[in-house]
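Okay, structure first, notes after.
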Amino acid sequence: MIAVKRVNCFHLSGFSTTGCEASGSTYMVVFGLMQLLLSQLPSLHNIAWLSVVAVATSFGYSFISLGLCAAKWASHGNVRGTLAGAGIDAPRDKAFNVLLALGNIAFSYTFADVLIEIQDTLKSPPAENKTMKRASLYGLSMTTVFYLLLGCTGYAAFGNDAPGNILTGYAFYEPYWLVDIANVCVIVHLAGAYQVFAQPIFARLESYVACRWPDSKIITATYYVRVPGRPSTSVPIAPLKLVLRTVIIMFTTLVAMLLPFFNAVLGLIGALGFWPLSVYFPVAMHVARLGIRRSEGRWWLLQAMSFVCLLISLAASIGSVQDIVHNLKTATPFKTVD
């Protein structure tokens, strides 16, 4: 949202203007209000349309980013950067940046926590697990190819000066309308992605509260409010869902305003969730389901892979925490300006 305002301001007033700053906290509140409305959708079964829109917009901003980077690379014709990456005076900082990058990569492949919920929304036949297995294979293959294309093209275009975010990191301002379209696609995509990840959390918490106090009328009640102008149409409102989801979104919005460090927080979330959710539990279930014994070579290979991924998660966590601590030294809560 900040990038859209900044790009339009530079287009109208010129790149030398100093009045194009925007408050990130204001836009975070706007995004939070958007999520308050979307969170009242009952479950993943009811947001299929939102998921489709999110996927379509992700393709939109991804292809625009790739095209802009390719055009930038073609404009100077040289492959910028070095095999060793950006040079930093302190080797320690270089190591922390590598670990932070590992956390960001891990986050890009973390979807195990919503895989079962998504599989539960699929129709059968064919069997849901077969459809999900095929979708995971195609999805992971496509995203890996695209990540490599965009990463290599972006680094060839900008070299060691490549920003952390191609669309919002002062990389492109023209054509302003194309950059605006890409950033609007990012907004729509993240609005949908937020709900895809949040709906299972909402469902688990609401189920726990309902089981904890099954006789409470406030928790189990559902009220129907008629839509003005349409007497035959009513909207169900559950106090538990309204209050609980509102509190969760207000909390996450508050945390975002206090810790506005996109890559660092992304890396930490990815590092913390990658090994237990995407590696350990799936491997353990696979071993138990197939009855793989410890004496078998497959068991040792799977455990070795799990151990390596654990080391990656720990290393990425260290890099992310270090970056957050570094940013906290210069950050001012609730005054995110870019």
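In this text the structure is predicted, and so the values were computed from the model without any measurement.
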>> If hydrophobic clusters are built by linking Ile, Leu, Val, Met, Phe, Trp and Tyr wherever their side-chain heavy atoms come under 4.5 Å apart, do Ile187 and Tyr61 end up in the same one?
In response: yes

> With side chains defined as the heavy atoms from C-beta onward, is the minimum distance between Leu244 and Phe202 less than 4.5 Å?
Replying inline: no

> How long is the gap from CG on Asn183 to CG on Leu167, to the nearest 0.5 Å?
Replying inline: 5.0 Å

> So Tyr27 and Ile2, side chain to side chain contact (heavy atoms under 4.5 Å, CB included) or not? Walk me through it.
Replying inline: CA-CA 8 Å; Tyr27 289 122; Ile2 293 176; 3.6 Å; yes

>> Is it the case that over 12 heavy atoms from other parts of the model lie below 6.0 angstrom from the NZ atom of Lys5?
In response: yes

> Can you get from Ile181 to Leu68 by hopping between Ile, Leu, Val, Met, Phe, Trp and Tyr side chains that sit under 4.5 Å apart?
Replying inline: yes

>> The test is side chain to side chain contact (heavy atoms under 4.5 Å, CB included); show your working for Gln35 and Arg245 and say whether it passes.
In response: CA-CA 10 Å; Gln35 296 304 324; Arg245 297 186 181 191; over 6 Å; no

>> Looking at every non-hydrogen atom in both residues, tell me the closest pair between Ser25 and Met257 and how far apart they are.
In response: CB-CE, 3.8 Å

> What pair of heavy atoms forms the shortest contact from Ala54 to Gly192, and how long is it?
Replying inline: CB-CA, 4.1 Å

> When rounded to the nearest 0.5 angstrom, what is the spacing between CG in Leu311 and CZ in Phe307?
Replying inline: 4.0 Å

Pairs of donor and acceptor atoms involving the side chains of residues 265-293, under 3.5 Å and at least two apart or interchain, shall be tabulated with distances.
residue, atom, partner, partner atom, Å
Trp275, NE1, Ser306, O, 2.8
Trp275, NE1, Ser306, OG, 3.1

>> Is there a path of hydrophobic side-chain contacts, each under 4.5 Å between heavy atoms, that joins Ile249 and Val188?
In response: no

>> Nearest 0.5 Å, please: how far is CH2 in Trp177 from CG in Asp180?
In response: 10.5 Å

> Say you draw a straight line from CG of Leu149 to SG of Cys69; how long is it, rounded to the nearest 0.5 Å?
Replying inline: 11.0 Å

>> Rounded to the nearest 0.5 Å, what separates atom OG1 in Thr252 from atom CD1 in Ile248?
In response: 8.5 Å

> Which atom pair, heavy atoms only, marks the closest approach of Gly154 to Ala162?
Replying inline: O-CB, 4.5 Å

>> With heavy-atom distances below 4.5 Å as the criterion, would you say the side chains of Val186 and Thr57 are in contact?
In response: no

> If two hydrophobic side chains count as joined below 4.5 Å and joins carry through other members, does Val30 share a cluster with Leu36?
Replying inline: yes

>> Side chains of His189 and Val53, heavy atoms from C-beta outward: is any pair under 4.5 Å?
In response: no

> Counting heavy atoms not belonging to Trp300, are there more than 12 under 6.0 Å from its CH2?
Replying inline: no

> Given a cutoff of under 4.5 Å between side-chain heavy atoms of I, L, V, M, F, W and Y, with clusters grown through shared members, what are the other residues clustered with Val247?
Replying inline: Val243

>> For the CE atom on Met305, are there more than 12 heavy atoms of other groups (residues, nucleotides or ligands in this structure) within a distance under 6.0 Å?
In response: yes

> Which residue pairs pass the ring-ring contact (aromatic ring centres under 6.0 Å, His included) test with at least one member in residues 141-161, sequence neighbours excluded?
Replying inline: Phe63-Phe146, Tyr109-Tyr147, Phe158-Phe172

> Can you find a pair of side-chain heavy atoms, one from Thr153 and one from Leu66, that are under 4.5 Å apart?
Replying inline: yes

>> Looking at every non-hydrogen atom in both residues, tell me the closest pair between Met34 and Ala191 and how far apart they are.
In response: SD-CB, 3.8 Å

> What distance separates Met142 CE from Ser62 OG, expressed to the nearest 0.5 Å?
Replying inline: 10.0 Å

> Is Val4 reachable from Val7 through a run of I, L, V, M, F, W or Y residues, each pair having side-chain heavy atoms under 4.5 Å apart?
Replying inline: no

> Taking it one step at a time, do Arg6 and Met1 satisfy side chain to side chain contact (heavy atoms under 4.5 Å, CB included)?
Replying inline: CA-CA 9 Å; Arg6 184 174 60 232; Met1 294 178 183; over 6 Å; no

> Okay, side chain of Ser75, backbone of Lys72: is any donor-acceptor separation there less than 3.5 Å?
Replying inline: yes

> Under the side chain to side chain contact (heavy atoms under 4.5 Å, CB included) criterion, do Phe10 and Tyr176 qualify, and how do the steps go?
Replying inline: CA-CA 9 Å; Phe10 283 154; Tyr176 77 98; over 6 Å; no

